[in-house]
Amino acid sequence: MNETVEKPNTPSVEQRVDEWIKLDEVALKYHQLQWETPKQSTKFLEQFASGKLKSARKVLDLGCGAGAATAYFASQHPNVLFSGKDYVDELVELGNELALKRGIGNLDFQQADWFDLEEESFDGVLSLQTLSWLPEYQRPLKEIFTKIKPNWICLNSLFYDGEISCRIEVKEYARAAQSFYNVYSIPDVSRFCANHGYRLTEAQPFVLDIDIPKPKNPDIMGTYTVNAIGSNGSLERMQISGPLMLSWYMIIIERVE
Ligand SMILES: C[S@@+](CC[C@H](N)C(=O)[O-])C[C@H]1O[C@@H](n2cnc3c(N)ncnc32)[C@H](O)[C@@H]1O
């Protein structure tokens with residue numbers, strides 16, 4: 001093995017939040033549109049997590065943005081109390097405003113830093129489309145394991161089912177924005193969980209069930225699909241955003257008793 005390659009599980013990038021505080025028109029539209037039309041990935045994750053949610057009383061959504069996905073989960077599970085936490089105050093305020101307007105009772109939003117969580121007990125932790133957008137997965141997962149100690153964590157992000165991870169940083173020059181699109185190795189994440197008293201019990205690729213046309217503007221990241229024929233003749237719908245192919249997975253991590 002090449003000795004210059006970092007050992008698995010070893011993060012080397014500092015936390016960074018500048019890109020989230022600066023909310024431009026594209027970012028606000030991303031958060032607001034979902035309140036009108038829930039994303040397919042949100043609906044699929046709700047189905048994927050529904051077994052766990054049935055027996056939960058209190059669930060935390062980390063990196064909840066303006067809370068559209070949390071609100072979707074709350075509407076599907078009226079007996080569960082949902083708390084959404086995000087770093088950006090403006091998004092938290094927007095989430096609370098929209099939840100109040102729509103009269104959703106089993107839901108609240110608060111500001112928090114996932115890299116420095118307060119100790120608080122929740123049965124389960126959700127996170128949608130956020131872990132790959134953080135500089136690393138290790139510290140965020142460790143914060144959950146040690147401060148929240150939930151029975152389960154269910155999240156969607158970019159993963160790979162082999163011993164390869166990618167640290168990807170996207171720069172969109174047209175909107176002066178940058179963000180990570182990291183792909184995490186599932187075996188590496190599994191080992192990390194096992195070292196902290198948790199087990200990665202399920203990893204399911206998220207395949208869209210609809211075609212999405214290519215956006216007209218090539219300068220802004222935006223998901224579209226391309227249909228390809230796999231080597232066994234099956235139809236595969238690939239998700240692409242800007243220059244990247246997105247390998248979406250939904251995973252469940254459970255506490256080892
Ligand atoms: C790609 S967005 C996803 C938002 C939402 N979960 C969704 O599915 O639409 C990532 C979110 O993570 C939040 N975030 C980034 N770093 C964070 C941190 N350290 N603590 C809490 N939230 C953070 C950002 O403010 C942003 O709202």
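The model shown is predicted, which means the values in this text are computed figures rather than measured ones. When a ligand or atom number is given, it counts from 1 through the structure's own listing order.
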Donor-acceptor contacts under 3.5 Å from residues 64-80 side chains, at least two apart:
from  : atom 1 : to    : atom 2 : distance (Å)
Thr70 : OG1    : Asp61 : OD2    : 2.8
Ser75 : OG     : Tyr72 : O      : 2.7
His77 : NE2    : Glu46 : OE2    : 2.7

**Q.** Cys64 heavy atom under 4.0 Å from ligand 1
**A.** yes
Q) Which residue supplies the protein heavy atom nearest to atom 1 (C) of ligand 1, what is that atom called, and how far is it? A) Gln129 O, 3.1 Å
Q: Just jot down the ligand 1 atoms closer than 4.0 angstrom to any heavy atom of Val88, in number order.
A: 25 (O)
Q. Given that the side chain starts at C-beta and the backbone is N, CA, C, O, which of these parts of Gln34 lies under 4.0 Å from ligand 1, counting heavy atoms, or is it both or neither?
A. side chain
(Q) I need the atoms of ligand 1 closer than 4.0 Å to a non-hydrogen atom of Tyr30, numbered in the order shown. (A) 3 (C), 7 (C), 8 (O), 9 (O)
Q) So which bit of Trp20 gets within less than 4.0 Å of ligand 1, heavy atoms only: side chain, backbone, both or neither? A) side chain
Q. Using a heavy-atom cut-off of under 4.0 Å, does the side chain or the backbone of Leu91 touch ligand 1, or both, or neither?
A. side chain
**Q.** Lys142/Glu136 ion pair, N-O < 4.0 Å
**A.** no
Show me the donor-acceptor pairs within less than 3.5 Å that the side chains of residues 197-207 make with the rest of the protein, sequence neighbours left out.
from   : atom 1 : to     : atom 2 : distance (Å)
Tyr198 : OH     : Pro150 : O      : 2.7
Thr201 : OG1    : Ile252 : O      : 3.4
Thr201 : OG1    : Glu254 : OE2    : 2.7

Q) Are Glu118 and Lys85 close enough for a salt bridge, meaning some N to O gap below 4.0 Å? A) no
Q.
List ligand 1 atoms under 4.0 Å from Phe115, heavy atoms only on the residue side.
A. 19 (N)
Q) Going by the atom numbers of ligand 1, which of them fall below 4.0 Å from some non-hydrogen atom of Leu134? A) 15 (C), 16 (N)
Q. Is Lys39 touching ligand 1 with its side chain, its backbone, both, or neither, if touching means heavy atoms under 4.0 Å apart?
A. neither
Q) Should the pair Lys29-Glu36 be classified as a salt bridge under the 4.0 Å nitrogen-to-oxygen rule? A) no
